[in-house]
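Everything below concerns the one structure shown next.
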Amino acid sequence: MLGIILAAGMGTRMKSEKPKVMHKLLNHPLLEWVIDSFKDLMKEEQCDKIAVVIGEKMPEVEDFLQEWGTRNDKIVETFYQKERLGTGHAVKCALPLLEKEDADESVFILCGDVPLIKTETLKRMEKEFLKEKADGVVLTVNMDDPSGYGRIIKKADGMISEIVEHKDADAAQLKIKEINSGMYMIKSKELVESLNELNNDNAQNEYYLTDIVSLMNNRGKKVISVVTDDHYEVSGINNRVQLSQIEREARRRINERLMMNGVTITDPDNTYIDPACSIGRDSIIEPMTVIRGRTVIGINNIIGPMTQIEDCMIGNDNVIERSHLSGTEIKDNVKVGPFARLRENTILNSGVKIGDFVETKKTVIGERSKAQHLSYLGDTVIGEDVNVGAGTITCNYDGFNKHKTFIDDKAFIGSNSSLVAPVKIGKDVIIGAGSVIVKDVEDDDLSIARGRQVNFEHRGKELKNRLKKERLKGEGEI
């Protein structure tokens, strides 16, 4: 089976320089939603080839298709529609691939700007295609107000004879509620033959893909409809208002699916979860939380409120409050936040506590270790049962290169300490508060690195009085 996706439109009504199919729905391009609908079919070896028809000078789309193919270990063939002469012409651009297909091979045709099409619906189309021994299937939907859509015209036996555009329909045809979705499944031989018969003898001088239905009917071929009752599934996006409407529906479906599978989402209207995310049962997602990318969250976690998570692996029984995490791995029974920022390649092992205004980057923190307040830990490896005092930083950058800091088990780092990398802090070490550590500290040592304190008798009061007089003089009160 071959899947063809039509993605050549620029989408002028989006008022954008970006190709329409690259506008994002829940952080994923519209095209990705459509192409992903083929993934389950590919896993089951029902669909072994994908072709995408794009316009010229769409490097962003080309790069995405290359990345998607690499990520999914699939080859996506790209064809170019140099002139935008209608949907029929777009499919004709893929004729070199179609002509290589077996005559009885089936071909899906989908639209790149219709993101909520379901794999289950594609499977149903294929099932009816085989059951009815059809030559073509049109996915349709019944609408209370079908204005602007092509009407499905059927014969007495229920087969489709043609698709009539709204502007060409007569009074009787305009009463028909069943409309064309623009998505099809056609036998390869019939598709090729129909495409070669298409003409552009119309007011727009375009080649309409809908004409293949009447051409097949004229040859005595069998075209059936499969009706979906989900109008969102066949809703295209032409402007940013429609994009926001479809995103709201997509978000509702994702949240509903998660809740039905045992996740508590306390305010679904204000929770934003990526379709690629996985969240385990008995986890609680609190309001204004955004979870993006291929994040995996285990069971019995409390996430939020006001938390952002992207591309993270999170275990079980964790609490993450009002924090920002990206590219982070968290084991079990970890407490993060509020107001923590955990950046790429951070690993928090079980029992770790990261508190308010703590930032980490490329840092591994051992079990039960703590950094509770106002710290920066970059390029650092921390052992087990370590206490990092408030205001501690690892000075990992010398202006040219990054360097590592190693802190061994049960070390105690006093508040407001600076550890100047590269440096190693041994086991059971105590670092005195306010120290600037530039040399390694051996196991069990106490290290203090700060200037000696000097107290000048009565100088504090004298200085305050002098400064007060200078201020008053400047204000003209003396």
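Closest approach of A421 and N396 over heavy atoms only: CB-CA, 4.2 Å. The minimum heavy-atom distance between V52 and A7, with the atom names listed, is CG1-CB, 3.9 Å. Residues V381 and K404 share a closest heavy-atom pair of CG2-NZ, 4.4 Å. Contact between G414 and T392 at its shortest, heavy atoms only, is O-OG1, 3.3 Å. C111 and V34 get closest at one heavy-atom pair: O-CG2, 3.5 Å. Nearest heavy-atom pair, G383 versus S369, reported as atom, atom and distance to 0.1 Å: O-OG, 2.6 Å.
Between the side chain of D230 and the backbone N or O of Y232, at least one donor-acceptor pair lies under 3.5 Å. The backbone N or O of G55 sits nowhere less than 3.5 Å from a side-chain atom of Q81 that would complete a donor-acceptor pair.
By the neighbour-count criterion of 12 heavy atoms within 6.0 Å, atom CZ of R257 is densely surrounded, having more than that number from other residues, nucleotides or ligands. Remark: L446 CG is packed, more than 12 non-hydrogen atoms of other residues, nucleotides or ligands lying under 6.0 Å away. Atom OH of Y149 is surrounded by 12 or fewer heavy atoms from other residues, nucleotides or ligands within 6.0 Å. Counting non-hydrogen atoms of other residues, nucleotides and ligands closer than 6.0 Å to NZ of K424 gives a total of 12 or fewer. Counted within 6.0 Å of NZ on K427, heavy atoms from surrounding residues, nucleotides or ligands total 12 or fewer; the atom is thus considered open. The neighbour count for E56 CD, taken as heavy atoms of other residues, nucleotides or ligands under 6.0 Å away, is above 12. Shown here is R450, whose CZ atom has more than 12 heavy atoms of other residues, nucleotides or ligands within 6.0 Å.
Between E105 and K49 there is no salt bridge, since no side-chain N of the basic residue sits under 4.0 Å from a carboxylate O of the acidic one. A salt bridge is defined here as a Lys NZ or Arg NE, NH1 or NH2 lying under 4.0 Å from an Asp or Glu carboxylate O, and R253 with E249 meets this definition. Using a 4.0 Å cut-off between charged side-chain N and carboxylate O, D428 and K410 make no salt bridge.
Between the side chains of H89 and E83, not a single donor N or O lies within less than 3.5 Å of an accepting N or O. Side-chain contact of E126 with S106: a donor-acceptor pair under 3.5 Å is absent, judged by distance alone. Judged purely by distance below 3.5 Å, without hydrogens or angles, the side chains of E62 and Y80 pair a donor atom with an acceptor atom. Between the side chains of N300 and N316, no donor-acceptor pair of N or O atoms lies under 3.5 Å. Under 3.5 Å, the side chains of N239 and K15 contain no donor-acceptor pair of N or O atoms. Defined by atom type and a distance below 3.5 Å, a donor-acceptor pair is present between the side-chain atoms of S147 and D145. A donor and an acceptor atom, one from each side chain of D379 and H403, are nowhere located under 3.5 Å apart. Using modelled atom types, one finds no donor on one side chain facing an acceptor on the other under 3.5 Å when comparing T121 with T228.
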Exercise for review: Might you work through the side chain to side chain contact (heavy atoms under 4.5 Å, CB included) test for T328 and T360, ending with a clear yes or no?
Suggested key: CA-CA 10 Å; T328 295; T360 65; 5.7 Å; no
Check your understanding: Should N318 and N301 be marked as a side-chain hydrogen bond (donor to acceptor under 3.5 Å, both in side chains) after you check the CA-CA gap, both sets of side-chain angles, and the distance that decides it?
Key -> CA-CA 5 Å; N318 301 294; N301 294 281; 3.0 Å; yes
Review point. Step by step, would you call N333 with D317 a side chain to side chain contact (heavy atoms under 4.5 Å, CB included)?
Key: CA-CA 5 Å; N333 296 294; D317 303 296; 3.5 Å; yes
Practice item. Evaluate the side chain to side chain contact (heavy atoms under 4.5 Å, CB included) criterion for residues L31 and I5: first the C-alpha distance (whole Å), next the side-chain angles of each, then the deciding distance (0.1 Å), finally the verdict. Key: CA-CA 9 Å; L31 181 56; I5 300 173; 3.7 Å; yes
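Proximity of K361 to Y376: side-chain heavy atoms (C-beta onward) are separated by under 4.5 Å at one or more points. Counting heavy atoms from C-beta on, the side chains of M185 and M1 come closer than 4.5 Å. The shortest distance between side-chain heavy atoms of E329 and C312 does not fall below 4.5 Å. Side-chain contact between M58 and M10: present, with at least one pair of heavy atoms (C-beta onward) separated by less than 4.5 Å. Taking 4.5 Å as the limit, some side-chain heavy atom of Y184 sits within range of a side-chain heavy atom of L209. S235 places a side-chain heavy atom less than 4.5 Å from the side chain of I246. Contact annotation: the side chain of V388 never approaches that of I365 to less than 4.5 Å [non-hydrogen atoms, C-beta and beyond]. A 4.5 Å side-chain heavy-atom check between R251 and T271 finds every atom pair outside the cut-off.
Each of I354, V364, I314, T363 was checked for a side-chain contact (heavy atoms from CB on, under 4.5 Å) with L348, and the lone residue meeting it is I354. Just one residue in the list I254, L258, T289 forms a side-chain contact (heavy atoms from CB on, under 4.5 Å) with I265, and that residue is L258.
Using cut-offs of 30° and 60° for the angle between ring planes, the F357 and F339 rings count as parallel.
Residues forming a side chain to side chain contact (heavy atoms under 4.5 Å, CB included) with L95 (at least two apart in sequence, or on another chain): K92, L98, E99, V192, L195, N196.
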